[in-house]
Number of protein chains: 2
Amino acid sequence: MPNSKPSAKSPAKPAAEAEDRTRDRSRTEEGILNAARSVLVEKGFGGWGVNGIARAAGCDKQLIYRYYGGLDGLAEALGTQIARETEAALAALPAPEVDSYGALVAALIDAQLHVLRSHPVMQRIIAWELSEANALTRAFADARSRALMAWFAQVKGDFTAPPGVDAPAINAVMIAAVQQMVLSSGTIGGFAGMPLAEPADWERLRSAIRRLILAAYDGSGTPTAG
Amino acid sequence: MPNSKPSAKSPAKPAAEAEDRTRDRSRTEEGILNAARSVLVEKGFGGWGVNGIARAAGCDKQLIYRYYGGLDGLAEALGTQIARETEAALAALPAPEVDSYGALVAALIDAQLHVLRSHPVMQRIIAWELSEANALTRAFADARSRALMAWFAQVKGDFTAPPGVDAPAINAVMIAAVQQMVLSSGTIGGFAGMPLAEPADWERLRSAIRRLILAAYDGSGTPTAG
DNA sequence: GAGAAATATCACCGACCGGTGACAATTGCC
DNA sequence: GGCAATTGTCACCGGTCGGTGATATTTCTC
């Protein structure tokens, strides 16, 4: 079938850009979702809107309403996608080989630091949660909190916290510190005079966190010889 | 002229609202600054703009440009005001009576928690710092960081950290945790499954923080008998 | 082929934004 | 009194926002 649709439109676009003009809803949806992520990373949640996302996706914003039901639906889809992939990221982490509850928690907090550092979208979402309290951010926070606790419960196995120690509170404090540090490194480049840019900075942070956790749980903060 | 100008300020408005129509630049400036604070607290930094602030101040937005040179100048004035009052708040805290470096740090972190919890404007500014990296938020963060470190250095007196402990890193971690917890309590109402609403919740957080610090510095996290 | 359904685009709306110039009202100075 | 500087108000601009109805284009079904 010779492409004889428009008589004179044979090689109008010589495909130099490989522009795929075929219509494909699933691909468009994927493009919108990817655009939503990149806009969130680059502009922050303040610049996260239908106009900018459609612009980044290279399509009309009407499609956002048609396929996702507007900004809320798109945010919900983004949230479930994030939840899925973080769940997978946590599940893919090697089970830490430890011999104490404190060492276990230290490994888990360290894993959190690693995952969050490599996930700019989640950093933006956390900043969003800290800035606005609406149904969307609450849903985000709830999902994250539940995933976190489920993962914790699943991976801790037979280990139990020493008696007399409020493990949930201490763990929450340390995760809070990790989040604040990662977020602050992204915007300010450090925190309270402590730089967070070079790998050595992060190693320093990791050892401080490790010392805090081990001391709180196991009683003596003997740093891992080194 | 139908509008028979009230020759004397006859009680056209019976002062039921005590509307003061006298012109006073300094009072207007103060009103604008207060409006800027309340708008920041109630709407967040995303809704912090000349239109809303002028509306809240009950004056024309033109005055914001005339008296403060626009949003940037207003933010700068707000920043110096905040810096002054937090400096005063920290200086007004009673010097902690402690007998160890760990206890000192625990008291200072606790003071930070107290000050930040009672200062919603600063909470908003911190959330701002975590969300956007511009000249303004960097200035905010720098000022806060310097004030924090100066206060720390001034109040620590003769105490010195135990050898082999990275005190700046550990202190930064704990302050980061405090900030994240306070900010999260304001929007989500808790953190990682730990509620932060009732006074008992905050007491629980305080003791967890105290245990972490004491254990890291003094080697044994004996909770304050109680 | 024809028609329906799905997909994508366009044009437009009202609202709000930051910013500015022109103008009215008050105050202070002489 | 007269007059100028200060203080406050109003109207407007270009731009972006979220949202929607109408319409063009492609694809599927028969």
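Here the structure is a predicted model, which is why all the values come from computation and not from measurement. First the proteins, then the strands, lettered A, B, ... as listed; each starts at 1.
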Would you mind telling me which of C/dA6, D/dG18, C/dT20 lies closest to the side-chain atoms of B/K61?
C/dT20

Starting at atom CG of A/L63, determine the distance to atom C1' of D/dT23, rounded to an integer number of angstrom.
14 Å

How many Å lie between CD on B/Q62 and P on D/dC12, as a whole number?
16 Å

Regarding B/R27 and B/E30, does a basic nitrogen lie under 4.0 Å from an acidic carboxylate oxygen?
no

Are the side chains of A/V115 and A/L93 in touch, meaning some heavy atoms are under 4.5 Å apart?
yes

Between B/D110 and B/R210, does any side-chain N to carboxylate O distance fall below 4.0 Å?
no

In this structure, how many angstroms lie between the P atom of D/dG18 and the CD1 atom of A/I64, rounded?
9 Å

Rounding to an integer number of Å, can you tell me how far A/R27 CZ sits from D/dT27 C1'?
14 Å

Provide, to the nearest angstrom, the distance between the CD1 atom belonging to A/I32 and the C1' atom belonging to C/dT9.
13 Å

B/T28 vs D/dG8: side-chain N/O to OP1/OP2 distance below 4.0 Å
yes

Could you check how far CZ of A/R55 sits from P of C/dC10, rounded to whole Å?
14 Å

Presence of donor-acceptor pair under 3.5 Å, side chain of B/D60 and base of D/dG8
no

B/R23 side chain, from C-beta outward: closest of D/dT20, D/dG8, C/dG18:
D/dG8

With the side chain of B/Y67 defined as its heavy atoms from C-beta on, choose the nearest nucleotide among C/dA8, D/dG8, C/dG18.
D/dG8

Tell me if the side-chain of B/R66 makes a donor-acceptor pair with the base of D/dT7, cut-off 3.5 Å, by modelled atom types.
no

Can you figure out which of C/dG19, D/dG8, D/dT27 approaches the side chain of B/L71 most closely?
C/dG19

Return no unless some side-chain N or O of B/N51 is found under 4.0 Å from OP1 or OP2 of C/dC16.
no

Answer yes or no: side-chain N or O of A/R25 and base N or O of C/dA6 forming a donor-acceptor pair under 3.5 Å.
no

Going by the angle between their ring planes, with limits at 30° and 60°, are A/F45 and A/W128 parallel, tilted or perpendicular?
parallel

